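The next block holds one structure in the form of structure tokens; read it before the comments.
In what follows, residues are counted from 1 in the order of the sequence shown. From a predicted model like this one, the values you see are computed outputs, not experimental measurements.
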Amino acid sequence: MTLPNDGSTPPLGTPESEVPTTREPSPDDRTWGALASLLLSGAVFLFYSLVQGFGIVAVLVVQPYGELNAFEPERLINQYFGQILWVGTLIALPVALVALWLLTRLRRPGGVAQYLGLRGFRWWQGLLWLAATYALVTAITYVATVFERPPIPDFIEQAMTTAGFMPGLVLAVGLAAPIIEELLFRGFLYEGLAKSRLGEVGAIVLISALFAVIHLQYDAFDMFSVFLLGLLFGIVRWQTGSTWLAILLHAAINLFALFQSHRYLESIL
């Protein structure tokens, strides 16, 4: 008697090597698809930007308006731009982190850290990629000098001269911004795009382009520099699997830029 075969079971006698194997995706392997990752990342970034707007309110409501004849928000924003920047960034950071955690946990309940690339790295990897970062920044600086670029972007100069409390600006630009940007771009978004048809290389290039586009406060040269740095951070994430290392390198660049800008402004004031 021969039992009917619906195709789901191989015929008796089939060699084990030829038996097809099927496995349901593990909850620890699931990721958002490419389109969903892009849309959700955009939503998080928009939400983060909107929450940053509370920094405007938090700063402006405590400023004295006695010398003004009328409430002039544009003038006040320019006057307190740096202070608004660091207050808004520090307010928005925990909100964005919670949003990323919720979205990641929704897709991979038991592996939020794995999804976002929150894993360690070896000391020699840190030194290697720090040297690569230094080389890239040096090359960008040299090209900027050749083209007689301004020593610091207008955006940085305005932020530093209107910060009010410099440690707040250092904390926001040197730590808070790298954390949220790297977790969003090289963490959440990378994981979704790298496991799509784009693959690792396509994901790195696309994410770097998006990373450059959001820095609208810069001109074309500086945005291209941000694109190159984004490529570097993406390769770091790909080769080491660690978003922590990308965060540290990003923070090092921002802190170095603040230090150099501070020295330049002191020399001309």
Minimum heavy-atom separation for E157 to I152, with atom names?
CB-CD1, 3.7 Å
Residues that E191 engages under salt bridge (Lys or Arg N to Asp or Glu O under 4.0 Å), provided they are two or more places apart
R108, K195, R237
Go through the structure and list residues passing side-chain contact (heavy atoms from CB on, under 4.5 Å) with V170, not counting sequence neighbours.
M166, L255, L258
R263 backbone acceptor or donor facing E266 side chain under 3.5 Å:
no
Partner residues of Y134 under the ring-ring contact (aromatic ring centres under 6.0 Å, His included) criterion, sequence neighbours left out
none
Result of checking V205, I204, L206 against S208 for side chain to side chain contact (heavy atoms under 4.5 Å, CB included):
I204
Measure the acute angle between the ring planes of F155 and Y218, then classify it against the limits of 30° and 60° as parallel, tilted or perpendicular.
perpendicular
Find out whether the Lys NZ or Arg CZ of R30 is both under 6.0 angstrom from the six-membered ring centre of Y115 and within 45° of the ring's axis.
no
Is there a donor-acceptor pair closer than 3.5 Å between any side-chain N or O of T162 and the backbone N or O of Y80?
no
Using the test ring-ring contact (aromatic ring centres under 6.0 Å, His included), find all partners of Y190 that sit at least two apart in sequence or belong to another chain.
none
According to the side chain to side chain donor-acceptor pair (under 3.5 Å) rule, which pairs have a member within residues 92-102, sequence neighbours left out?
none
Only counting residues at least two apart or in another chain, list the ones meeting side-chain contact (heavy atoms from CB on, under 4.5 Å) with A34.
L193, S196
Whichever hydrophobic residues join V213 through chains of side-chain contacts under 4.5 Å:
none
Once the angle between the rings of F147 and F221 is folded into 0 to 90°, is it parallel (under 30°), tilted (30 to 60°) or perpendicular (over 60°)?
tilted
Co-members of L39 in a cluster of I, L, V, M, F, W and Y side chains, linked at under 4.5 Å
L35
Pairs satisfying salt bridge (charged side-chain N to carboxylate O under 4.0 Å, His left out), at least one member in residues 222-231, at least two apart:
R149-D222
Knowing that exactly one of L229, L136, N254, V236 qualifies, which makes a side chain to side chain contact (heavy atoms under 4.5 Å, CB included) with L249?
V236
Quick note, side chain to side chain donor-acceptor pair (under 3.5 Å) partners involving residues 42-60, not counting sequence neighbours, are Q52-T89
Residue list, side-chain contact (heavy atoms from CB on, under 4.5 Å) with A132, at least two apart or on another chain
W129, L232
Once salt bridge (charged side-chain N to carboxylate O under 4.0 Å, His left out) is applied, what residue pairs with a partner in residues 31-56 remain, sequence neighbours excluded?
none
